[in-house]
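Per chain, numbering begins at 1; letters A, B, ... match sequence-line order.
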2 protein chains.
Amino acid sequence: MIKGQNIVGCKHISLTGESFKAIDPATSKHLEGDFEVANEQLVEQAMQMAQKAYSTYKNITNTKKAAFLRAIAEEITALGDTLISRAVAESGLPTARLLGEMGRTTGQLRMFADLVEEGSWVEAVIDTALPERTPLPKPDIRRMYKAIGPVVVFGASNFPLAFSVAGGDTASALASGCPVIIKAHPAHPGTSALVGEAISKAALKAEMPEGVFSLLHDSGYAVGTALVKHPLAKAVAFTGSYKGGMALVNMARDRKEPISVFAEMGSINPVILLPETLKKQPETLAAKYAASITLGAGQFCTNPGLILAVKSDALNIFVDGLKKAIEVVPSATMLTPGIWQNYQNLSQGVAGEAGLDVIARSGNINQELCNQSVATVATVKASDFIQNYKLREEIFGPWSLLVVADDVQELETVVGTLEGQLTTTVMAEREELPAYAGLLDKLADISGRVILNGVPTGVEVCAAMQHGGPFPAASDSRFTSVGTGAIYRFVRPIAWQDWEDSLLPAELQDSNPLNIWRQVNNEWTKA
Amino acid sequence: MIKGQNIVGCKHISLTGESFKAIDPATSKHLEGDFEVANEQLVEQAMQMAQKAYSTYKNITNTKKAAFLRAIAEEITALGDTLISRAVAESGLPTARLLGEMGRTTGQLRMFADLVEEGSWVEAVIDTALPERTPLPKPDIRRMYKAIGPVVVFGASNFPLAFSVAGGDTASALASGCPVIIKAHPAHPGTSALVGEAISKAALKAEMPEGVFSLLHDSGYAVGTALVKHPLAKAVAFTGSYKGGMALVNMARDRKEPISVFAEMGSINPVILLPETLKKQPETLAAKYAASITLGAGQFCTNPGLILAVKSDALNIFVDGLKKAIEVVPSATMLTPGIWQNYQNLSQGVAGEAGLDVIARSGNINQELCNQSVATVATVKASDFIQNYKLREEIFGPWSLLVVADDVQELETVVGTLEGQLTTTVMAEREELPAYAGLLDKLADISGRVILNGVPTGVEVCAAMQHGGPFPAASDSRFTSVGTGAIYRFVRPIAWQDWEDSLLPAELQDSNPLNIWRQVNNEWTKA
């Protein structure tokens with residue numbers, strides 16, 4: 001039995017007002033469970049408790065914080081099939097995908113546990129005093145990152161586990177020392193409730209201050225708005241549409257104290273097929289990209305929505321292969337009726353744009369189920385693409401547009417019209433790459449991540465990952481939402497000058513009691 | 001002879017339109033030289049050249065970039081007394097102060113030269129591939145910081161050298177690999193012109209792309225506005241008032257592509273006098289703070305504008321000492337007639353606030369000179385202070401307000417009403433500190449830098465410095481405008497996935513040709 005109450009300070013709170021039900025997108029029918037819509041009073045309570053928890057949680061030992069993160073991973077794992085089957089029902093995603101996502105989710109929590117336990121992530125910098133320096137003595141200055149305060153996390157619909165209640169945003173915020181208040185995504189309230197209860201249990205077991213975690217439900221926008229506008233909120237994390245992300249960004253900017261919204265808003269992830277590789281393996285490339293475009297019904301922010309190439313006989317073979325593959329791709333249930341409707345409108349609407357030619361639409365649609373994706377691929381001449389900004393907007397779903405340039409120069413012009421992207425990809429024979437140095441450099445300018453001979457879908461969770469590109473792909477390209485680097489979104493540096501050693505954070509004390517890497521007088525050392 | 005033309009792409013460009021003259025604040029008379037007001041065409045030209053320069057400058061070798069920064073320092077040093085005497089005339093600051101500032105300015109440039117020459121600042125992170133991993137192979141991912149593009153720097157009036165044309169903002173932006181376009185401060189156009197010419201000469205000598213540097217004059221707001229709104233601008237650096245900073249912040253947010261404004265907007269830098277130290281050395285503390293409050297006519301963003309203490313006999317002695325010291329402090333010429341007028345208005349206007357008692361105003365005013373600062377100190381009871389937000393606003397100049405609390409609890413309440421600060425300071429005997437752990441923790445929450453037994457004025461330029469506190473002290477507390485950390489304002493991380501080794505930036509290549517510190521598979525190494 002899933003508890004439909006809101007969770008405030010790790011405890012379920014019953015309300016008597018409005019509630020809503022989850023929808024199974026495969027059937028468009030309600031699922032069991034009534035989820036109580038939170039109100040302003042709960043927002044206030046959750047934020048106050050978070051602020052109170054912050055005063056102790058930000059200074060808790062690394063060992064305790066790591067134990068908490070690992071306990072969350074254990075509680076989620078313990079939910080087993082209860083969680084997976086609910087997530088399948090609420091998202092329409094297949095079991096295998098959600099099992100993988102569960103592994104990623106618990107893996108991320110353990111990765112952050114390792115990071116905080118090791119401790120060097122705070123980037124301690126120590127410049128010791130020079131009391132004899134003339135004309136003025138040099139003071140002792142020590143700096144490190146500290147948590148900023150309560151963080152509001154919006155669950156994402158397309159990753160009901162890995163970017164939702166206990167996803168990358170929550171894991172990195174909790175790892176940084178910030179309490180988290182979740183605005184649960186209404187597309188998977190049951191999944192959210194189960195994971196929220198798991199976090200609450202873990203917090204109690206690990207003896208965390210109860211305000212460290214809250215989870216609020218709402219099928220509308222009131223609760224999310226109240227959270228972002230609350231004076232105690234210090235940052236917001238969001239993964240979703242450009243429209244949704246910018247609404248939060250603007251709300252946060254209009255506060256008396258503006259705060260950061262880390263909005264990962266998606267992109268069209270251009271893929272460039274260079275001539276030699278296209279000539280060598282047009283069918284292989286077609287198969288590879290047909291798979292990437294339609295993976296998970298194309299519901300990834302790194303979905304390759306744009307393919308660029310110079311016209312050639314090989315490109316015709318590629319197009320033919322792509323066409324054939326797309327036409328028979330089985331449909332899949334999309335995440336929500338709203339996302340399905342939006343995909344229908346955009347993928348059909350864009351077909352009327354000048355010069356655009358829909359070359360393939362999947363005919364392999366499951367008629368028994370609702371909200372089925374229809375994979376679609378279109379082509380357009382570069383000259384038409386360059387003039388039409390609408391073709392540069394994301395269509396969330398299994399859609400891709402192939403832009404055909406007359407020559408390399410025109411292809412470069414196309415790249416020049418592109419805005420910021422999460423990823424760009426180059427498919428090439430290694431020998432032909434040096435000739436495109438200028439183009440490769442331009443791609444890096446507009447990207448968070450540049451990929452060679454791979455597909456943009458599938459984001460590795462590791463220290464070197466950069467997931468977040470120049471605007472409008474993300475609201476702040478200086479930060480990543482995937483990988484250990486995600487922790488830096490929720491901290492700021494504080495410097496202590498001539499401070500009493502015993503009153504400094506352990507990370508900055510003379511004896512380096514935590515044995516972390518530090519930059520001491522411009523040298524990296526563990527001494 | 002100072003050249004009054006604008007500098008676009010390291011070259012002087014003559015215009016025939018409007019011009020303005022500098023004012024000597026000590027006499028309120030015009031100084032020699034006509035400075036040409038730039039126009040939209042020059043803005044466009046400077047930005048286009050900067051963008052062009054960016055494409056090569058961002059990838060220039062560390063050795064060449066370091067040589068450029070050192071060449072700037074040399075050219076500035078070579079200006080010698082020509083520069084110092086002009087800066088004295090334009091700012092009213094004494095020669096000794098400007099000589100010190102010149103040393104700081106050239107020191108900052110050399111510090112960044114060393115930083116980029118060593119090279120590890122790019123924070124290279126490498127996660128190597130695991131092709132055999134199941135269920136999916138792990139790709140090779142490598143990330144580092146890269147320059148973002150043209151940076152607009154606003155010269156600050158209160159540091160005509162160290163935070164103006166070749167100041168910390170310019171040095172860090174050029175070090176990061178970003179071209180710089182200066183909006184020269186109209187209070188010291190001659191100083192700006194001399195330094196701008198020095199940078200231009202250095203750029204030519206060091207064979208930099210000419211668009212790497214431009215400098216535009218304007219006595220009004222049109223040029224600054226056009227620069228911030230220009231689509232090619234990627235970041236803005238500013239030091240000045242809250243009003244000025246927020247105007248730029250809002251302008252940058254309303255762009256089609258929002259960009260960051262790093263506005264360091266000042267604060268009141270609270271100082272807490274704990275009871276034991278006050279008892280032990282009230283006269284010494286009074287002398288120390290009278291000096292800090294009036295240093296440089298109080299025209300520092302770290303000026304101690306607020307002193308907090310619990311009432312006691314010792315505090316009365318402190319007050320008496322402060323009063324006597326302030327009454328005889330010699331006046332000094334303030335930076336501009338506008339700053340002087342503003343200080344007069346605020347320091348006299350606030351005197352009428354409920355419960356506020358002006359205890360000392362300097363009577364030692366030089367009647368021969370204009371725009372003379374009148375050092376002023378006032379007291380107010382904590383209960384009045386708590387209720388009056390006006391008393392928490394910065395008064396730029398030699399002003400400080402002593403807030404007297406009935407007890408420690410009330411002092412903590414006062415701290416609870418404070419907004420973000422660049423610095424907070426605690427004056428204490430080491431033995432009494434542990435009893436105030438909660439208070440010290442709260443001070444860190446609102447500060448960029450917390451100081452023990454020092455004064456906030458005097459900001460050390462080093463790796464551990466944090467100059468920039470929570471809003472409204474700065475627009476982005478995650479970054480510093482002083483010290484090597486300032487470079488991170490102008491870069492963003494880019495990740496390369498499965499990239500060809502020879503086409504990667506040198507910092508990320510297998511052989512580590514630059515011999516920098518890198519994080520390889522979660523270990524810091526130079527291997």
Against chain A, label I446(B) side chain, backbone, both or neither, depending on which of its atoms sit under 4.5 Å from a heavy atom there. backbone
Rounded at 0.5 Å granularity, tell me how far OG in S477(A) sits from CD1 in I259(B). 11.5 Å
Which bit of K146(B) is near chain A, if near means a heavy-atom gap under 4.5 Å: side chain, backbone, both or neither? neither
Side chain D127(B), main chain C462(A), donor-acceptor under 3.5 Å: no
Going by salt bridge (charged side-chain N to carboxylate O under 4.0 Å, His left out), name the pairs with one or both residues in residues 474-483 of chain A, residues two or more places apart or in two chains. D476(A)-R478(A), D476(A)-R478(B), R478(A)-D476(B)
What part of I141(A) lies closer than 4.5 angstrom to a heavy atom of chain B: side chain, backbone, both or neither? both
Atom group of T484(B) that falls short of 4.5 Å from chain A, counting heavy atoms: neither
Under the 3.5 angstrom rule, does the side chain of R143(B) hit a backbone N or O of M465(A) as a donor-acceptor pair? yes
Are side-chain heavy atoms of W499(B) and L440(A) found at a separation under 4.5 Å? yes
Can you tell me which portion of I148(B) sits under 4.5 Å from chain A's heavy atoms? Options are side chain, backbone, both or neither. neither
Against chain B, label T423(A) side chain, backbone, both or neither, depending on which of its atoms sit under 4.5 Å from a heavy atom there. neither
Honestly, the part of S55(A) sitting under 4.5 Å from a heavy atom of chain B is backbone
Toward chain B, the part of R133(A) with a non-hydrogen atom under 4.5 Å: side chain
In terms of heavy-atom pairs under 4.5 Å, which option from D498(B), L452(B), V125(B) contacts chain A the most? L452(B)
Of the backbone (N, CA, C, O) and the side chain (C-beta and beyond), which part of R253(B) lies under 4.5 Å from a heavy atom of chain A, both, or neither? both
Close approach to chain B in residues 424-432 of chain A, criterion heavy atom under 4.5 Å: V426(A), R430(A)
For the residue pair F479(A) and F479(B), does the interplanar ring angle fall in the parallel (under 30°), tilted (30 to 60°) or perpendicular (over 60°) class? perpendicular
Contacting region of N453(B) [heavy-atom separation from chain A under 4.5 Å]: neither
What are the two closest non-hydrogen atoms of P493(B) and Q466(A), and how far apart are they? CG-OE1, 3.3 Å
Using non-hydrogen atoms only, which part of W517(B) is less than 4.5 Å away from chain A: side chain, backbone, both, or neither? side chain
If one checks every heavy atom of E419(B) against chain A at 4.5 Å, the contacting part turns out to be side chain
Report which part of R255(B) has an atom under 4.5 Å of a heavy atom belonging to chain A: side chain, backbone, both, or neither. neither
